[in-house]
Amino acid sequence: MLAWKDGQPYSNRYGDVYFSTDSGLEESRHVFLHGNRLAERFAALRPGEAFTLGETGFGTGLNFLCAWQLFEQVAPAGATLDFFSIEKFPLRDEELRDALALWPELVAQAEVMQQKWRRRVHGWNRWTFGGGRVRLTLAITDVADALAKLPGGRFGQGQVDAWFLDGFSPAKNPEMWSPEVFAGIARASRAGATLATYSSAGWVRRGLVEVGFQMEKAPGFGRKREMSRGVLDGVAASDAPPRSAIVIGGGLAGCAAAYALAQRGVQVTLVERAGELASGASGNPRGILHARFSAGMNPLHRFVLAAYGHALSALDELLPVDGKLRAECGLLQLAFSDAEIKRIGRLVTLDWPVPLFEAVDAETASKRTGMAMERGGLWFPSAGWVVPPALCQRWASAAGITLALGHGVDTLAQTGAGWQVAGQDGDGRAWQAEADIVVVCCGHQATSLAQFAHFPLTPVRGQISALPGTTASVALDAVVCADGYSSPAECGYHIVGATHSFDDVDTSVRTVDHAVNLARLGEHMPALREALGDLDLDQLGGRASIRCSAPGAMPLVGRVEPGLYCSLAHGTRGLLTAGLSAELIASLACATLPPLPMTVVVELSPELRLKPKHSL
Ligand code: SAM
């Protein structure tokens with residue numbers, strides 16, 4: 001917990017201050033910004049180029065805000081900043097607010113930071129600032145764990161250009177200054193990377209020399225006579241980012257990928273066979289923003305957790321809660337089976353530094369949802385529903401995206417400089433286009449493209465039912481999930497669903513599937529079923545669409561071969577996972593910092609997970 005000493009934030013756990021008592025702001029500028037020559041290096045960036053900063057110890061976020069402010073002041077338009085930071089003991093909402101209130105000149109940045117902060121999750125967080133110019137990747141975990149999962153070493157080239165070493169003092173916080181941490185810093189660095197720290201401890205400098213930095217002392221800030229700074233040998237090679245991209249598929253995955261690339265200055269053509277966006281599974285009137293994980297936290301669950309935090313913060317910018325296109329009404333995961341009771345029991349024993357959900361009994365569950373529940377479960381206060389086609393529209397209307405609706409793609413071919421796509425438009429006329437990169441986001445239909453023929457994609461038909469609300473049923477005011485979901489009545493209807501029929505690609509609405517949805521509702525939420533009264537199955541509205549899944553429910557996101565990427569197999573979670581997957585694809589394509597630990601990036605990667613049959 002944050003303590004205060006002489007009007008400054010102080011840690012009782014470590015017995016140290018978060019920053020210099022002379023002036024944290026000036027110290028941050030002197031030690032970290034000047035110590036790494038950032039004004040000069042930011043100003044020298046070219047449009048399309050990205051600079052990556054790494055920090056040990058996010059604390060109050062002061063260094064981040066200072067770096068963001070400087071970047072806005074001196075970097076040319078079109079250049080972007082990645083800031084990676086690590087924090088094991090994140091401050092509570094009000095602690096961060098109070099700590100940042102010390103700096104009136106950073107009030108605008110601090111306000112945005114607080115909005116993002118309330119969306120933090122345990123593990124990796126990816127937030128964007130300044131209209132997408134600045135990306136913060138915050139790993140809420142131990143320093144050694146986070147550093148080991150950055151690009152570098154067995155995970156390819158290091159990407160960090162400059163480091164802020166800002167743990168508590170080495171004597172009081174030795175695990176932030178260990179040989180393992182120094183080795184992790186060197187491994188994650190680009191050739192020629194610099195570092196700066198307020199510490200003048202000789203053993204810190206010697207430890208950094210051990211891992212390859214040339215270290216020197218420099219004048220310190222305030223009462224500190226000396227600080228240290230260093231540089232790693234070599235000159236970084238910079239890869240030219242792609243200038244153009246063709247994204248295939250106008251659902252959530254494709255619209256999100258187009259948006260993430262456009263934010264990095266890439267000219268995007270978004271191609272969709274249908275005459276409108278969100279014509280497939282992304283066209284449902286409700287999407288449930290819902291994260292379901294196991295206590296084991298394997299790569300899939302780490303991904304889902306990071307995607308949940310990312311989706312909430314990205315939606316805050318694009319589709320703020322308004323009760324019409326998005327609601328943050330809360331969500332109950334009902335403990336409806338022995339397996340669920342066991343899973344929930346394990347989850348609540350986790351000691352996550354960020355609270356995300358709460359176990360509730362049947363009585364509290366009934367109060368929270370407004371409807372009598374026979375069982376309790378897990379309550380997610382920030383979850384809710386979204387209108388997915390509206391989100392697709394918002395993503396796809398960003399500057400730099402050109403829509404090519406009614407254009408089907410039949411072939412992809414590598415050309416000398418990039419890729420050519422060819423197909424037919426709605427009138428049967430042949431068309432083709434070229435771009436530096438192609439991103440395939442068309443669900444199970446991807447297997448009709450030769451490069452994806454071997455992908456293990458399964459189509460899964462899902463039907464939702466629209467149930468007319470009654471005076472009694474409109475009392476439901478939260479989403480309830482069991483082996484399907486029910487949403488509060490909106491525009492007169494509860495959306496209930498969905499069925500799962502594997503290898504079925506028929507999209508006609510079936511009475512028998514309505515019966516399945518209603519039977520499940522009756523089993524798990526009898527009070528709601530009763531409140532809905534008699535329903536004529538033949539008269540019910542509904543919608544059937546085809547989702548796409550891959551073995552293990554892990555989506556396939558990443559590079560397929562040079563210049564060819566995909567975001568596929570999001571199953572029923574597209575609303576949750578499309579946005580973060582898009583960030584991953586854009587970061588891989590532009591050779592910038594990925595938003596996820598490399599252990600997860602590797603598991604998502606089609607290139608590493610699947611080998612084309614002919615190469616086996
Ligand atoms: N850079 C910060 C700022 O701008 O406010 C100040 C950082 S403060 C001096 C050091 C931070 O390191 C604290 O927030 C502390 O919780 C964090 N920390 C300490 N030990 C850690 C560890 N083993 N792993 C990750 N973070 C740690």
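When a ligand or atom number is given, it counts from 1 through the structure's own listing order. Basis for what follows: all heavy atoms, side chains included, without hydrogens, waters or symmetry-related copies.
- No close placement of the Phe221 and Tyr198 rings is indicated, their centers lying 6.0 Å or farther apart.
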Side-chain atoms of residues 150-157: list all donor-acceptor pairs with protein atoms under 3.5 Å, sequence neighbours left out, distances to 0.1 Å.
none

Any protein N/O atoms within less than 3.5 Å of an N/O atom in ligand 1? List the atom names and distances, or say none.
residue	atom	partner	partner atom	Å
ligand 1	1 (N)	Glu55	OE2	3.0
ligand 1	1 (N)	Gly57	O	2.7
ligand 1	1 (N)	Asn63	ND2	3.1
ligand 1	1 (N)	Asp166	OD2	2.7
ligand 1	4 (O)	Leu62	N	3.1
ligand 1	4 (O)	Asn63	N	3.0
ligand 1	5 (O)	Thr60	N	2.9
ligand 1	5 (O)	Thr60	OG1	2.6
ligand 1	14 (O)	Glu87	OE1	2.6
ligand 1	14 (O)	Glu87	OE2	3.2
ligand 1	16 (O)	Glu87	OE2	2.5
ligand 1	20 (N)	Tyr14	OH	3.2
ligand 1	20 (N)	Asn173	ND2	3.2
ligand 1	23 (N)	Asp142	OD1	2.9
ligand 1	24 (N)	Val143	N	3.0
ligand 1	26 (N)	Lys88	N	3.2

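- Taking the centre of each ring, Trp127 and Phe58 stay at or above the 6.0 Å mark.
- Checked against the 6.0 Å centroid threshold, Phe129 and Phe83 do not count as a close aromatic pair.
- For the pair Arg41 and Phe51, the cation-pi test (distance below 6.0 Å, angle within 45°) is failed.
- No salt bridge links Arg609 with Glu603; every basic N to acidic carboxylate O contact stays at or beyond 4.0 Å.
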